[in-house]
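Proteins come first, then strands; the chains are lettered A, B, ... in the order of their sequence lines, and each starts at number 1.
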Amino acid sequence: MEDNNDQDNEVFDLLKRIDEYTWEIPREYKPFMRVPGRIYVSRKMLNDVEKQTIDQVANVASLPGIQKYSMAMPDAHLGYGFPIGGVAAFDSEEGVISPGGVGFDINCGVRLIRTDLHVDDVRPVIRELIKKLFEAVPSGLGSKSRLRASDSELDDAFVHGSRWAVEAGYGVEADIEHCEGSGFIEGADPSKVSAKARKRGKPQLGTLGSGNHFLEVQYVDNIYDNDAASVFGLEEGQVTIMVHCGSRGAGHQICTDHLRVLSQSVKNYGISIPDKQLACAPATSTEAQDYFKAMACAANYAWANRQIITHWTREVFEQVFGRDAESLGMDLVYDVAHNVAKLEEHIIDGRKKKVYVHRKGATRAFPPGHSEVPRKYRDIGQPVLLPGSMGSASFVLHGTQEGMDLTFGSACHGSGRAMSRKQAKGTYSGEDVKKKLEKMGIYVEAMSPAVIAEEAPEVYKKSSDVVDVVHELGIARKVARVLPMGVAKG
DNA sequence: ATGTCC
């Protein structure tokens, strides 16, 4: 124990070990906890979980109507109010809805596109491919799209998500089926979106954004489950494309606008919260429902956004390989949200119950047989897409019944930051990181060197460690690993 | 994550 510092000892003292990957924060830890907290992490990785993150898990447990546990995935770290990597479900009648449980980048998410191309077909043209993708898909902070959406198109994107984009010519019908929830959330109401959010969102529909968002050309280097991989259309050596982005300024503004309202609701409804950042309102209240209707608009916008990017990506591949996207086998494998709240039915204490599941930096992972899993994948379970950081592996998993029972059908969302952006910028130079990645065979095209430094592989937790916990715990099971060949980012 | 404070 002498190698543990003070923080570690403190953390160990307050947690109760349930099994190899399950650590409980007992209700006794804080007087306001309505349910215990649960952190799913290996003992080794527990050393990296900050005390502040554990306190956030405990704080979430104070919110009215919370079910079972306030949970944190192995990649959990400090967030706004709720931890990033947090999962919490609230009774749809007695519970609350909280923007902090979704995050600012509403429906930040990931999609995976397969191809029939082999890694050897793509290596020789990777620079050209990435350069063209970088040109075709606007990226960077405040970037504007080459799509000029009208007000009515923006409304349609807000309400219909992926379907709007496909019907506007940006994709094919099968793309819609292969999105979580068919690429939209019901109940979106654009009248709950401020003029300011509309103004920010309108020129950005069809942009990648900045930070850890990326468009990556990858190849499948390892298959863990042949049957599942085959059903998902994946095989070793095959080239895939991953898109990681969200709802841009629109989602950010929607979160900001409604946080202001809900921080007042907390007082109006007499809800006692240990942290102002946990602003919320009773799920049935007008304020909470208005947030949910606006949040759904942002979520749908993000699905439309990833769909438009998919279309432009296909166009670039068509140009470079001189064949149409269909003959290149460029089907959408799946698209998942990892920052969203959803009204779902779960079995709790043996009874079916409707709950608002808040997943913030956590991915839905529904089991085999679930009606929301596309027919094609029904026997396997929902594809769960976990992006790695720039230059590191990404993973494809599938949902399980254990996940449904244990975590409201949720898994982690990726690797999780281990160093702050500021610290990363002070430690690494963008040019050096770019050169290092090139030596590893990964070509990076980015808007600014600072973003490359902020996203250096070293500033993230090892994605394989995080994925292994999820796999061993059984809340999602590994199907395939993909490695980057080239990446375009903000 | 984010026109990194209208």
Side-chain angles (χ1 to χ4, degrees), chain A residues 53 56 75-86 98-111 137-145 193-215 243-260 263 277 294-295 297-299 301-303 305-306 309 336-341 358-363 386-390 412-426 430 446-456 459-460 487 489-490:
Chain A
T53 306
Q56 287 194 323
D75 51 346
H77 54 109
L78 198 68
Y80 182 90
F82 288 56
I84 295 163
S98 177
V102 172
F104 280 83
D105 191 6
I106 297 165
N107 191 5
C108 181
V110 192
R111 64 169 50 191
V137 181
S139 67
L141 197 59
S143 58
K144 288 187 180 176
S145 180
V193 177
S194 70
K196 199 170 170 183
R198 292 184 69 96
K199 193 184 170 197
R200 287 180 70 177
K202 208 166 125 180
Q204 293 185 326
L205 195 50
T207 62
L208 196 60
S210 185
N212 66 356
H213 291 166
F214 63 70
L215 200 177
V243 181
H244 180 199
C245 65
S247 52
R248 311 287 286 108
H252 194 274
Q253 191 62 47
I254 285 168
C255 181
T256 303
D257 292 339
H258 287 264
L259 266 174
R260 189 175 299 132
S263 53
Q277 295 184 351
M295 181 217 71
C297 288
Y301 175 104
W303 271 305
N305 192 30
R306 292 196 286 275
I309 291 170
V336 291
H338 57 219
N339 271 8
V340 88
H358 292 55
R359 298 188 183 92
K360 181 193 196 174
T363 311
L386 310 177
S389 56
M390 180 178 66
C412 65
H413 83 311
S415 40
R417 200 165 257 287
M419 189 191 283
S420 73
R421 291 181 187 284
K422 199 178 167 183
Q423 204 184 343
K425 269 193 281 193
M447 198 56 86
S448 77
V451 166
I452 302 183
E454 287 176 9
E455 298 300 316
V459 312
Y460 280 86
V487 54
K489 56 191 295 112

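As judged by a 4.0 angstrom heavy-atom cut-off over every strand, A:Ser247 is placed among residues making no nucleic acid contact. Among the atoms of the strands shown, none is found under 4.0 Å from any heavy atom of A:Gly246.
In this structure, NE2 in A:His413 is found 14.0 Å from CZ in A:Arg359, a value given to the nearest 0.5 Å.
Partners of A:Arg248 by salt bridge (Lys or Arg N to Asp or Glu O under 4.0 Å), not counting sequence neighbours: none found. Remark: A:Ser194 engages A:Lys196, A:Ala197, A:Gln253, A:Asp257 in a side chain to side chain contact (heavy atoms under 4.5 Å, CB included) (not counting sequence neighbours).
Atom pair A:Lys144:NZ and B:dT2:P shows a separation of 16 Å (rounding to whole Å applied). Counting to the nearest Å, the P atom of B:dT2 and the CG atom of A:Asn305 are 10 Å from each other. Put simply, CZ on A:Arg421 is 10 Å from C1' on B:dT4, counting in whole angstrom units. Here B:dT2 presents its P atom at 5 Å from NE2 of A:His213, a figure rounded to the nearest Å. When rounded to the nearest whole Å, the span between CD of A:Glu454 and C1' of B:dT4 equals 10 Å. In this structure, NZ of A:Lys422 is placed 12 Å from C1' of B:dT4, rounded to the nearest angstrom. Between A:Lys196 atom NZ and B:dC5 atom C1' the separation is 10 Å, expressed in whole Å. Summarising the geometry, the separation between CD on A:Gln423 and P on B:dT4 is reported as 23 Å, rounded to the nearest angstrom.
With respect to A:Glu455 and A:Arg421, a salt bridge is recorded, a charged nitrogen being found less than 4.0 Å from a carboxylate O.
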